[in-house]
Amino acid sequence: SSDPLISFLVRLQSEALATLGPKNFDPKLYVDLPLKTDLSAAESAFARLPRSPEGAILAPVLGMFLDEYFDEAGSDLAYVEPVDFVPEPEGFLPNVENPRVRSWALEVHSLWKDLSRRVADEVRERPERHTLLPLPSPVIVPGSRFREVYYWDSYWIVRGLLVSKMYDTAKGIVNNLISLIETYGHVLNGARTYYSNRSQPPLLSSMVYDIYMRTQDLEFVKKAFPSLLKEHSFWVSDVHKVTIRDVQGHEHSLCRYQAMWNKPRPESATIDEQSASKLSTASQKENFFRQLASGAESGWDFSSRWMSNSSDLTTLATTSIIPVDLNTFIYKMELDISVFAKLVGDNSTSEKFLKASKERRAAIRSIFWNSSMKQWLDYWLITEEVLESLQRSGLIQEVGITTSLSNTGQQWDFPNGWAPLQHLIVEGLAYSGSKEAKSVAEDIAIRWIRTNYAAYRITGAMHEKYDVTECGKPGGGGEYKPQTGFGWSNGVVLAFLEAFGWPHDKEIDC
Ligand SMILES: OC[C@H]1O[C@H](O[C@H]2O[C@H](CO)[C@@H](O)[C@H](O)[C@H]2O)[C@H](O)[C@@H](O)[C@@H]1O
């Protein structure tokens, strides 16, 4: 991370694992520790800690260091009784008559007191010492190791608070999430600096809607409205947006989860490093880290739903899946915004969002609905995976796609490229519905045309195969002399020229 506090805490986390071992080790504890001093003082003391001959810090030494430089995780939030809590709210669950159930429901209701916190002033005064974010209103935390506010948890917390008639607390929760949008442009996964690279299932508009339905507080809607527009832009812009063509050729705009992060998640860095250890290249690891963080953005961290092989976490392919639920949440957000726009007197925005919601509903029907199964199913962007794997494969060479990576001297091997294989792959990519694949297809076709042209100029003939590592070079190898003529090469060049054209100013020489 480029945040110096997070970088230091992640280092501390990794050293603590080496000292304490994996049993009962929770990596998140370390990135939640509030500093007692300035970071530089803690860093230099850490660097001076005595170590064993093997390089590890001994457990008592680590304990003393933690006591001296850090407060307890979670201590930067203070317990506070919610202003609107009463032991038995008027009109509480009128239809729950059974005395045992009613008394249990009242106990659950009273748990709001245990989970209610206020961010300490210290966090506002010295934010650089805390990964906790300084939210303005009191918060309700999920509990236990989750010492901070979470985005999608908040929706069901709000639903419960409405049952408990704790309207001010519910509005405070929304106010906190709005403050995150105003600072970061989106609601963070959770209210920690290390969660800023991603969001979580977007349910803020639903919180506003449900609170409004109970309270009729129009001022509250007016305040939330501009932030909801910003949040909508975040979800429909480049990082999350995917354009997809249905079988009738209609283009639809849908959304996927995609974190802006390709490193281990700070709160689970030791686990992510361990999971990635079986991957060999830096780019495979970076991709895996992005898939992990994107899985966390989905709220389903982790699930076979996002894996191509359910028993291998490294096959996580979160960003290659268009999820039904995310698009349904955004559809709801669009409908909610349309309603709110009308309430605040902005009719043109209301119309605009109604139209957007209709388009998304059509996309959901067209892309996710499986009529034989009578189910909405996530859509796998297989082409993207195939494209990525093709791009990583080494098969795409200077002037075309090589038949294999083995240089055996056989003609259907490296470095020969054959016209029919170029054509099958280029057409497959071009018609896949992915813009990126289409542009890769065109690029391969152009290079192939150029090498065919160059070889023709040099040798006066079209060839049965070409050496794709060098422009203008015919192929070789095999048990007979390379042949010219040549039927399928001619056919493919003409088919490519018809598909992609060749404008005046485009260079034909390699
Ligand atoms: O209830 C809070 C959240 O708890 C889980 O995820 C969180 O923990 C992960 C590991 O510490 C973290 O990487 C993730 O970003 C957090 O949201 C749960 O899976 C979430 O659905 C839930 O909101």
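Atoms within a ligand are numbered from 1 in the order they appear, just like the ligands themselves. Given the structure is predicted, the values throughout are model-derived calculations rather than measurements. Computed over heavy atoms, backbone and side chain alike; hydrogens, waters and symmetry mates excluded.
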Participant: With respect to atom 14 (C) of ligand 1, which of L292, V141, D301, L188 exhibits the smallest heavy-atom separation?
Facilitator: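 The residue whose heavy atom sits nearest atom 14 (C) of ligand 1 is D301.
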Participant: Starting from atom 11 (O) of ligand 1, what is the nearest protein heavy atom, named by residue and atom, and what distance separates them?
Facilitator: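 Among all protein heavy atoms, the one nearest atom 11 (O) of ligand 1 is R145 NH1, 3.0 Å.
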Participant: Report, in ascending order of atom number, the atoms of ligand 1 lying under 4.0 Å from any heavy atom of R198.
Facilitator: 13 (O), 15 (O)
Participant: Any salt bridge between E148 and K28, counting N to O under 4.0 Å?
Facilitator: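 The answer is yes: the pair qualifies as a salt bridge.
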Participant: So F85 and H109, would you call those rings parallel, tilted or perpendicular, with 30° and 60° as cut-offs?
Facilitator: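 Parallel.
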Participant: Could you tell me whether ligand 1 has any atom less than 4.0 Å away from a heavy atom of G190?
Facilitator: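 No, G190 has no heavy atoms under 4.0 Å from ligand 1.
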Participant: Taking NZ, NE, NH1 and NH2 as the nitrogens, is one of them in K332 or D336 under 4.0 Å from a carboxylate oxygen of the other?
Facilitator: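 Yes, this pair counts.
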Participant: Report yes if the distance between the aromatic ring centroids of Y212 and F340 is under 6.0 Å, otherwise no.
Facilitator: no
Participant: For atom 12 (C) of ligand 1, what is the nearest protein heavy atom, given as residue, atom name and distance?
Facilitator: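 Nearest neighbour among protein heavy atoms for atom 12 (C) of ligand 1, to 0.1 Å: E267 OE2, 3.3 Å.
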Participant: Can E88 and R102 be counted as an ion pair, charged N to O under 4.0 angstrom?
Facilitator: yes
Participant: Can you list the ligand 1 atoms lying under 4.0 Å from a non-hydrogen atom of Y195?
Facilitator: 12 (C), 15 (O), 16 (C)
Participant: Got a salt bridge between K278 and D312, using NZ or NE/NH1/NH2 to carboxylate O under 4.0 Å?
Facilitator: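 Salt bridge flag = yes for D312 with K278.
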Participant: Using the six-membered ring wherever Trp is involved, compare the ring planes of W235 and H240 and label them parallel, tilted or perpendicular (cut-offs 30° and 60°).
Facilitator: tilted
Participant: Enumerate the atoms of ligand 1 whose separation from the nearest heavy atom of N189 is less than 4.0 angstrom.
Facilitator: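 Matching atoms, with element in brackets: 14 (C), 15 (O), 16 (C), 17 (O).
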Participant: Which of the numbered atoms in ligand 1 are under 4.0 angstrom from any heavy atom belonging to A296?
Facilitator: 15 (O)
Participant: I need the nearest protein heavy-atom contact for atom 4 (O) of ligand 1: residue, atom name and distance, please.
Facilitator: F146 CZ, 3.3 Å
Participant: Between R192 and T131, is any side-chain donor less than 3.5 angstrom from a side-chain acceptor?
Facilitator: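 Yes, a side-chain donor-acceptor pair sits under 3.5 Å.
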Participant: Could you list which atoms of ligand 1 come closer than 4.0 Å to a heavy atom of W152?
Facilitator: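 In order of numbering, the contacting atoms are 20 (C), 21 (O), 22 (C), 23 (O).
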Participant: Can you tell me the protein heavy atom closest to atom 3 (C) of ligand 1 and the distance?
Facilitator: Y150 CD2, 3.9 Å
Participant: With the threshold set at 4.0 Å, does a side-chain nitrogen-carboxylate oxygen contact exist between E15 and R11?
Facilitator: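 Salt bridge between E15 and R11, a charged N being under 4.0 Å from a carboxylate O: no.
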Participant: Polar contacts were defined as any N/O atom of the residue lying under 3.5 Å from an N/O atom of the ligand; does this apply to G299 and ligand 1?
Facilitator: yes
Participant: Go through ligand 1 atom by atom and flag the ones less than 4.0 Å from a non-hydrogen atom of D153.
Facilitator: 1 (O), 2 (C), 22 (C), 23 (O)
